[in-house]
Q: 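One structure coming up, written as structure tokens, with questions to follow.
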Amino acid sequence: MTEQTVDHLVIGAGFAGLCAAIKLDEAGETDFVVVERGADVGGTWRDNTYPGAACDVPSQLYSFSFAPNPDWSMSFSPQPEIHAYIQRVARESGTLDRFRFETTVDDARWDEAQQRWVVRTTGPAGPTTYAARTVISGAGGLSEPRLPDIEGIEGFGGELFHSARWDHDVDLAGKRVAVIGTGASAIQIVPAIQPQVGHLDVYQRTAPWVMPRHDRRYPTIEKAALRHVPGLQKVYREAIYWGRESYVLPFTQAPGILAPVQQVAKRNIDKAISDPGLRAKVTPDFRMGCKRILISNAYYPALAADNADVVTDRITRVTPTGIVSTAPDGTETERPVDVIVVATGFHTTELPITEHITGREGHTLARQFEERGMAAYKGSTVPGFPNLFFVVGPNVGLGHSSMVFMIEAQVSYVVDAIRTMRTHRYAAVEVTEAAERAFNADLQRRMGRTVWSTGGCASWYLDKHGNNTTLWPRATFTFRALTRRFDVAAYAVTAPTPDREVVPA
Ligand code: N01
């Protein structure tokens, strides 16, 4: 067992963890480690290698503001390019020497006497225990695949894998393939594999709204201009940012405004699908925006292809050789299948890392979230868990814009907290119950008017109590304003005096 003392321990090396590492380093907080269970940086963009994987937010915005990239090939870049971008930014940041790959966090426990987190990890060199002043979790909400609980699925005799764990050794050519799910991942997978498979069954529980994808390849001359014309990339970024931000009002206050946009999505169906039965099947029965709005020009044509079927009957069980579904009248149909692709999403409303984090009062954060609901102050801090910061914590997700923007805002809050702690020699900062409750009461009050609550759908945005614990219900610039400075008044602080006296902030 190795023991090591560090100032800061960052969990995860995706956009969030990497941003934290870079900004800590820039702030002179160089004594940190980043522990990452994968073998490389990239997080979700390392894990999601499925055919057709690409970002549905334009790359000029879905990238770090401090690391613009004039070389994006497309306005919506494919996954390999995004992963390569993250790798390059990591390499050029000079922080990689502090990344510990293939290292999992087994347990993080607050030690009140030491005023430090004791974090046990397992990595290639065996177990290590870190004593860290702060823990910054960039473990993300889309890291743990959610497998559907379907009778018999373990006994399936063919190949079966989750969209985020694509098995590239499986050759789909000519095979009978089933895709379960019709979310953001599935609608990219379906058109990418449909031309090569023998037969494709798409199991749809809820039809999504799918808008045309206005993608384009950047010509060489435009890339050269983006590289050489001062400020041009910033202009692109700002234009995309404000275009996206125009969705905030309809999403959060006036969902009716999206009615004409919904018509565009309907036309997208009618243009690609002539069969009225299939058109009806894929037309959503909830208001646009209630679930993530998807974009694709190829999804509906793929569903309309001769070798594809959309199955809307409920899946009742999986047999060793097929999938059995049941029609509303009780009729069962078994469809034979060689490969099942499970595109059923992630454990988003539980934040799996919280099972491994034990706070000041001796219980896990998962238990606290289970009892009180998943909530944090500004998506970042939780009472009972001093010096623990989230990047992409509760209610920081977006339905319309770039998560990288939110990540940068949140990291600036965390770094300012650490700066404040150093300046005032605080050993610990812990958000007060009152501040956290007031923040979330206001947030949930705002949720009442949003399309996510009123749009007539069931989505992973909502927890089992019907509370939206995942999305940010205001403008992203408001989030940035709220996180620009660490507001120590919302925190109880502990000074590093021998008697660990709590100092009112
Ligand atoms: O997962 P999802 P995803 N039986 O949870 C269905 C991000 N992302 O991996 O709608 C049958 O959205 C489920 O049905 P229903 C993005 O934030 C970003 O596609 O719940 N079906 C749904 O159709 C996104 O939101 C990009 O009724 C079952 C699907 O599976 C998030 O990742 C690209 C089922 C799950 O959809 C997750 O997307 C891709 C069951 N038991 C993903 N359980 C970008 O481009 C679930 N389903 C940035």
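Residue numbers run from 1 in the order of the sequence given. Order of listing sets the numbers, starting from 1, for every ligand and every atom in it.
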Q: Checking side-chain contact (heavy atoms from CB on, under 4.5 Å) between Q233 and each of S65, S63, P68, which is the one that passes?
A: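 Among S65, S63, P68, the one meeting side-chain contact (heavy atoms from CB on, under 4.5 Å) with Q233 is P68.
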Q: I need the nearest protein heavy-atom contact for atom 2 (P) of ligand 1: residue, atom name and distance, please.
A: W460 NE1, 3.7 Å
Q: Below 3.5 angstrom, do we get any N/O pair linking W45 and ligand 1?
A: no
Q: Quick one: does Q204's side chain have a donor or acceptor within less than 3.5 Å of a partner on T312's backbone?
A: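 Side chain of Q204 to backbone of T312, a donor-acceptor pair under 3.5 Å: no, none is there.
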Q: For atom 13 (C) of ligand 1, what's the nearest protein heavy atom and its distance?
A: R205 NH2, 4.2 Å
Q: For ligand 1, which part of K291 has a heavy atom less than 4.0 Å away: the side chain, the backbone, both, or neither?
A: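 K291 to ligand 1: side-chain contact only, backbone stays beyond 4.0 Å.
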Q: For D329, I'd like to know if atom CG has over 12 heavy atoms of other residues, nucleotides or ligands within 6.0 Å.
A: yes
Q: Does ligand 1 have a heavy atom under 4.0 Å from the side chain of Y50, from its backbone, from both, or from neither?
A: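 Looking at Y50 and ligand 1, just side chain atoms fall under 4.0 Å.
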Q: Looking only at protein heavy atoms, identify the closest one to atom 32 (O) of ligand 1 and say how far it is in Å.
A: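 Result: L142 CD1, 3.5 Å.
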Q: Using 30° and 60° as the class limits, which term best fits the ring planes of F369 and F390: parallel, tilted or perpendicular?
A: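 Ring orientation of F369 relative to F390: tilted.
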Q: Testing Y218, Y85, Y62 one by one against W72 for a ring-ring contact (aromatic ring centres under 6.0 Å, His included), which residue passes?
A: Y85
Q: Report yes or no: does T182 have a heavy atom closer than 4.0 Å to ligand 1?
A: yes
Q: Kindly identify the option in L294, I295, I180 whose heavy atom sits closest to atom 11 (C) of ligand 1.
A: I180
Q: Can you find an N/O atom of Y62 closer than 3.5 Å to an N/O atom of ligand 1?
A: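 N/O-N/O distance below 3.5 Å does not exist for this pair.
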Q: Does ligand 1 have a heavy atom under 4.0 Å from the side chain of Y203, from its backbone, from both, or from neither?
A: neither
Q: Any idea which protein heavy atom is nearest atom 41 (N) of ligand 1, and the distance to it?
A: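 Answer, as residue, atom name and distance: P148 CB, 3.4 Å.
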Q: Report yes if some N/O of D56 lies less than 3.5 Å from some N/O of ligand 1; otherwise report no.
A: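 N/O-N/O distance below 3.5 Å exists for this pair.
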Q: Check this for me: R372, atom CZ, are more than 12 non-hydrogen atoms of other residues, nucleotides or ligands nearer than 6.0 Å?
A: yes
Q: At what distance is the nearest protein heavy atom to atom 1 (O) of ligand 1, and which residue and atom is it?
A: G345 CA, 3.1 Å
Q: Does the R279 side chain pair with the main chain of D270, one donor and one acceptor, at a distance under 3.5 Å?
A: yes
Q: Check whether more than 12 heavy atoms from other residues, nucleotides or ligands sit under 6.0 Å from atom CG of D275, and answer yes or no.
A: yes
Q: If you measure from NZ on K175 to CD on E159, what distance do you get to the nearest 0.5 Å?
A: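 Output value for this atom pair is 7.0 Å.
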Q: Record the part of P208 in heavy-atom contact with ligand 1 below 4.0 Å; permitted values are side chain, backbone, both and neither.
A: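 No part of P208 is near ligand 1 at this cut-off.
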Q: Measure from NZ or CZ of R480 to the centre of the six-membered ring of F405, then state whether that distance is under 6.0 Å and the direction lies within 45° of the axis.
A: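 Verdict for F405: no cation-pi partner in R480.
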Q: At a 4.0 Å threshold, what atoms of ligand 1 neighbour a non-hydrogen atom of C55?
A: 45 (O), 48 (C)
Q: Look at atom 30 (O) of ligand 1 and find which of A54, A343, S77 reaches it with the closest heavy atom.
A: A343
Q: Could you list the atoms of ligand 1 found under 4.0 angstrom from a heavy atom of G181?
A: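 So the atoms of ligand 1 that pass are 6 (C), 23 (O), 29 (C), 30 (O).
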Q: Please write down residue, atom name and distance for the protein heavy atom closest to atom 17 (O) of ligand 1.
A: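 Protein heavy atom at minimum distance: R292 NH1, 3.4 Å.
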Q: Evaluate the salt bridge (charged side-chain N to carboxylate O under 4.0 Å, His left out) criterion for residues R335 and D309: first the C-alpha distance (whole Å), next the side-chain angles of each, then the deciding distance (0.1 Å), finally the verdict.
A: CA-CA 11 Å; R335 290 177 178 79; D309 281 319; 5.5 Å; no
Q: Between H168 and W166, how do the two ring planes meet: parallel, tilted or perpendicular, split at 30° and 60°?
A: tilted
Q: Do me a favour and list the nearest non-hydrogen protein atom to atom 47 (N) of ligand 1 with residue, atom name and distance?
A: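 Here the closest protein heavy atom is T344 CG2, 3.6 Å.
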Q: Give the residue and atom name of whichever protein heavy atom lies nearest to atom 27 (O) of ligand 1, and the separation in Å to one decimal.
A: T206 OG1, 2.4 Å
